[in-house]
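Index from 1, following the sequence.
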Amino acid sequence: MNLPTELKQALNAQIGMEFQASYSYLSMAAYFEANSWDGFASWMSMQSDEEREHAMKFYTYLLDRGADIELPALEAPVHQFSSPLAVFESSLEQEKKVTAAINNLYKIAHDSADYATVSFLKWFVDEQVEEEKNVSDMIEKIKRAGENPDALMMLDTLAGNRGPEEE
Ligand SMILES: [Fe+2]
Ligand SMILES: [Fe+2]
């Protein structure tokens, strides 16, 4: 079964959204790197790699379904932040937008009775729960650390210990 046009376009747009997320996380990694937050930098860099993997899952899926790849344009990500907390808050905003986009994709796939795509998207639905949870947890911890530099340093170390995500 060929992919319905609307679904094909939305899946192509999602490749762009995942690359955009990867690009934003790289910009966040650079901010942390420049400000000597090595652990947060490594977290963001790992996150950037993961988003690229997400983009490639959509890319491969479209090719597997015999659909054309039309990569959309990317925007320059924000590169100046006021604090580590502001970076993670911006990351959570981004993840919420991605979650909404994935849910919308799921709806289109479901409404067009394209159950292969519904099945493919399930992994992303679950993944977004994880993504939002990880970032929200970090925001809570940073807020708790407040202005205490020792506590923030400890969180930086903790963030640097985060291993690659399991699938
Ligand atoms: Fe993603
Ligand atoms: Fe993500």
Side-chain angles (χ1 to χ4, degrees), residues 10-59 61 71-110 118 120-167:
L11 287 165
N12 265 295
Q14 193 60 33
I15 299 180
M17 196 162 199
E18 301 291 345
F19 270 114
Q20 188 70 55
S22 174
Y23 214 26
S24 295
Y25 279 127
L26 187 62
S27 186
M28 294 175 189
Y31 162 83
F32 282 130
E33 203 67 63
N35 290 280
S36 301
W37 293 105
D38 297 344
F40 292 142
S42 126
W43 162 302
M44 288 301 172
S45 156
M46 201 177 292
Q47 200 64 37
S48 176
D49 290 348
E50 270 183 23
E51 299 299 353
R52 184 180 191 281
E53 284 169 24
H54 295 170
M56 294 311 287
K57 279 182 198 271
F58 283 101
Y59 170 90
Y61 181 71
L71 297 176
L74 299 183
E75 288 170 21
V78 173
H79 67 280
Q80 277 171 335
F81 302 90
S82 53
S83 65
L85 178 62
V87 181
F88 280 93
E89 280 175 338
S90 148
S91 154
L92 183 59
E93 280 312 298
Q94 176 174 275
E95 289 301 340
K96 283 181 176 170
K97 279 186 200 154
V98 172
T99 301
I102 298 284
N103 288 346
N104 185 48
L105 268 175
Y106 194 98
K107 187 178 187 314
I108 298 170
H110 199 271
V118 168
F120 165 76
L121 289 170
K122 280 188 174 144
W123 183 88
F124 286 94
V125 172
D126 296 340
E127 171 71 6
Q128 282 312 115
V129 175
E130 265 310 292
E131 295 269 76
E132 286 194 30
K133 178 192 179 293
N134 289 341
V135 181
S136 300
D137 280 357
M138 190 54 86
I139 288 174
E140 282 317 304
K141 287 174 185 163
I142 293 176
K143 280 184 179 166
R144 208 179 305 152
E147 297 298 307
N148 180 340
D150 289 343
L152 213 48
M153 282 283 277
M154 213 155 77
L155 283 181
D156 180 56
T157 307
L158 194 77
N161 290 340
R162 176 187 166 197
E165 199 170 284
E166 292 177 12
E167 288 191 9

Tell me, do Glu131 and Glu51 make a side-chain contact under 4.5 Å, heavy atoms counted? yes
Main-chain N/O of Glu132 paired with Ser136 side-chain donor or acceptor, under 3.5 Å: yes
How many angstroms lie between CZ in Phe19 and NE2 in His54, if you round to the nearest 0.5 Å? 12.0 Å
Test of understanding: with side-chain contact (heavy atoms from CB on, under 4.5 Å), list the residues that count as partners of Leu158, not counting sequence neighbours. Lys141, Leu155
On a heavy-atom basis, which atom in Arg162 and which in Met46 lie closest, and how many Å separate them? O-CE, 3.2 Å
Shortest non-hydrogen contact from Ser24 to Pro77? CA-CB, 3.7 Å
Please test Asp156 against Leu152 for side chain to side chain contact (heavy atoms under 4.5 Å, CB included), starting from the C-alpha separation and ending with a verdict. CA-CA 6 Å; Asp156 180 56; Leu152 213 48; over 6 Å; no
Please work out which of the three classes, parallel, tilted or perpendicular, describes the rings of Phe40 and Trp37, given edges at 30° and 60°. tilted
CA sep, side-chain torsions, deciding dist, call: Asn12, Ile15, side chain to side chain contact (heavy atoms under 4.5 Å, CB included): CA-CA 5 Å; Asn12 265 295; Ile15 299 180; 4.1 Å; yes
Within the 3.5 Å criterion, strictly below it, is a donor on Glu18 or Gln14 matched to an acceptor on the partner's side chain? yes
OH (Tyr23) with more than 12 external heavy atoms under 6.0 Å: no
Assess whether atom CE of Met154 is packed by more than 12 heavy atoms of other residues, nucleotides or ligands within 6.0 Å. no
What are the two closest non-hydrogen atoms of Ala151 and Ala145, and how far apart are they? CB-CB, 3.6 Å
Please step through side chain to side chain contact (heavy atoms under 4.5 Å, CB included) for the pair Met44 and Glu33, ending with a clear verdict. CA-CA 10 Å; Met44 288 301 172; Glu33 203 67 63; over 6 Å; no
Return the OH to NE2 distance between Tyr31 and His79, rounded to the nearest 0.5 Å. 12.0 Å
Could you label the plane-to-plane angle of the Phe32 and Phe88 rings as parallel, tilted or perpendicular, counting under 30° as parallel and over 60° as perpendicular? tilted
Taking the side chain as C-beta and beyond, is there a heavy-atom pair between Phe124 and Lys57 under 4.5 Å? yes
Are the side chain of Ser27 and the backbone of Val78 linked by a donor-acceptor contact shorter than 3.5 Å? yes
Between Gln20 and Glu75, is there a donor-acceptor pair closer than 3.5 Å when you use the side chain of the first and the backbone of the second? yes
Check the surroundings of atom OH in Tyr59: do more than 12 heavy atoms from other residues, nucleotides or ligands lie under 6.0 Å from it? no
At what distance, to the nearest 0.5 angstrom, does OH of Tyr61 lie from CZ of Phe120? 7.0 Å
Once rounded to the nearest 0.5 Å, what's the spacing between atom CE of Met138 and atom NZ of Lys133? 11.0 Å
Could you go through Gln47 and Glu95, starting from their C-alpha distance and side-chain angles, then the distance that decides it, and tell me whether this counts as side chain to side chain contact (heavy atoms under 4.5 Å, CB included)? CA-CA 11 Å; Gln47 200 64 37; Glu95 289 301 340; 4.1 Å; yes
Once you round to the nearest 0.5 Å, how far does CG of Leu121 lie from CG of Leu11? 6.5 Å
OG1 on Thr99 to CD on Glu127, rounded to 0.5 Å: 9.5 Å
